Amino acid sequence: MKSKSFSQRCYDLLKKVPKGKITTYKLLAHALGTKAYRAVGNAMNKNPYPGICGVHKKEIPCHRVVKSNGEVGGFALGTKKKIALLGEEGIKIKNRKIENFEKFLHKF
DNA sequence: GCTTTGACACTAA
DNA sequence: CTTAGTGCCAAAG
């Protein structure tokens, strides 16, 4: 078996999130079988693909990862950019909070 | 191999 | 509601 790095697993799991849905660092980490909420974010920060998901395949929908309290969290290209991208997926943000957060929340 | 950093989570005040 | 403190884990220096 190929033991991929923790970050690699995060990306892979993240790619499983359907479009128009989001997940949280906590759920993501929990799905990986760990409590490394921060490590997940760390992996994204060092992000191999700062490009937004789209055209080609290797892009990672980093903008679909949000905080557990409903905030969008951070983003390498800027939180505003992240909000904009989420808006494109049909997710609205209100005062830095996601509307119907639980509704868009995808569980593994 | 220890120290520092960080796109977090949770609890207490 | 906000602020502060603690815990957690992985990657980089």
Side-chain angles (χ1 to χ4, degrees):
Chain A
M1 296 297 285
K2 312 272 184 194
S3 302
K4 294 182 174 180
S5 299
F6 177 83
S7 325
Q8 194 72 84
R9 276 189 292 174
C10 294
Y11 309 141
D12 189 59
L13 202 61
L14 188 50
K15 285 192 246 178
K16 294 180 187 172
V17 178
K19 186 177 185 208
K21 289 266 190 131
I22 54 177
T23 189
T24 72
Y25 298 100
K26 185 171 70 172
L27 265 95
L28 207 44
H30 185 70
L32 291 170
T34 179
K35 297 131 192 143
Y37 322 118
R38 302 189 107 180
V40 175
N42 252 75
M44 298 302 164
N45 186 9
K46 290 162 189 165
N47 187 334
Y49 299 104
I52 311 307
C53 69
V55 278
H56 288 261
K57 302 171 185 181
K58 303 188 136 205
E59 308 310 278
I60 302 157
C62 324
H63 61 272
R64 285 189 198 141
V65 188
V66 296
K67 301 211 300 187
S68 298
N69 70 331
E71 279 187 49
V72 290
F75 195 52
L77 305 180
T79 310
K80 296 169 98 162
K81 188 74 178 179
K82 185 168 180 177
I83 293 171
L85 287 165
L86 288 170
E88 301 259 319
E89 306 233 330
I91 300 168
K92 311 287 201 289
I93 282 76
K94 181 76 168 189
N95 193 22
R96 295 192 181 55
K97 298 285 193 195
I98 297 170
E99 295 194 352
N100 304 315
F101 167 60
E102 294 184 18
K103 187 174 187 163
F104 293 111
L105 186 58
H106 170 76
K107 296 170 197 165
F108 296 96

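Predicted, not measured: the structure shown is a model, and the values here were computed from it. Letters go in sequence order (proteins before strands), and every chain restarts at 1.
- For Lys80(A), the side chain to side chain contact (heavy atoms under 4.5 Å, CB included) criterion is met by no residue, not counting sequence neighbours.
- Looking at Phe75(A) and Ile83(A), their side chains never come closer than 4.5 Å, going by heavy atoms from C-beta outward.
- When each of Lys26(A) and Val72(A) is assigned the nucleotide of DNA chain B with its nearest heavy atom, Val72(A) is the one assigned upstream, toward the 5' end.
- Comparing Asn69(A) and Val40(A) by the nucleotide of DNA chain B that holds the closest heavy atom to each, the one mapping nearer the 5' end is Val40(A).
- In terms of heavy-atom proximity, Lys35(A) sits nearest to Ala29(A) at C-CB, 4.3 Å.
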Check: protein-nucleotides 7-13 of chain C nitrogen or oxygen pairs below 3.5 Å:
from    : atom 1 : to       : atom 2 : distance (Å)
dG7(C)  : O6     : Arg38(A) : NH1    : 3.2
dA11(C) : OP1    : Phe6(A)  : N      : 3.3

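- Nearest approach of Phe6(A) to Ala36(A), heavy atoms of both residues: CZ-CB, 3.8 Å.
- Both Val17(A) and Val65(A) are members of a single hydrophobic cluster when ILVMFWY side chains are connected at heavy-atom separations under 4.5 Å.
- With His63(A) as the fixed residue, the side-chain contact (heavy atoms from CB on, under 4.5 Å) test singles out one of Lys81(A), Met44(A), Glu89(A): Glu89(A).
- Not a single donor-acceptor contact under 3.5 angstrom links the side-chain atoms of Tyr25(A) to the base of dA9(B).
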List, with names and distances, any nitrogen or oxygen atoms from the protein found under 3.5 Å away from nitrogen or oxygen atoms belonging to nucleotides 1-5 of chain C.
none

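- The CD1-C1' distance, from Ile22(A) to dA7(B), rounds to 14 Å in whole Å.
- Across all non-hydrogen atoms, the minimal contact from Thr23(A) to Leu105(A) is CA-CD1, 3.6 Å.
- Rounded to an integer number of Å, the gap from NE2 of His30(A) to C1' of dA9(B) is 14 Å.
- By the 6.0 Å contact criterion, NZ on Lys107(A) is open, its count of non-hydrogen atoms from other residues, nucleotides or ligands being 12 or less.
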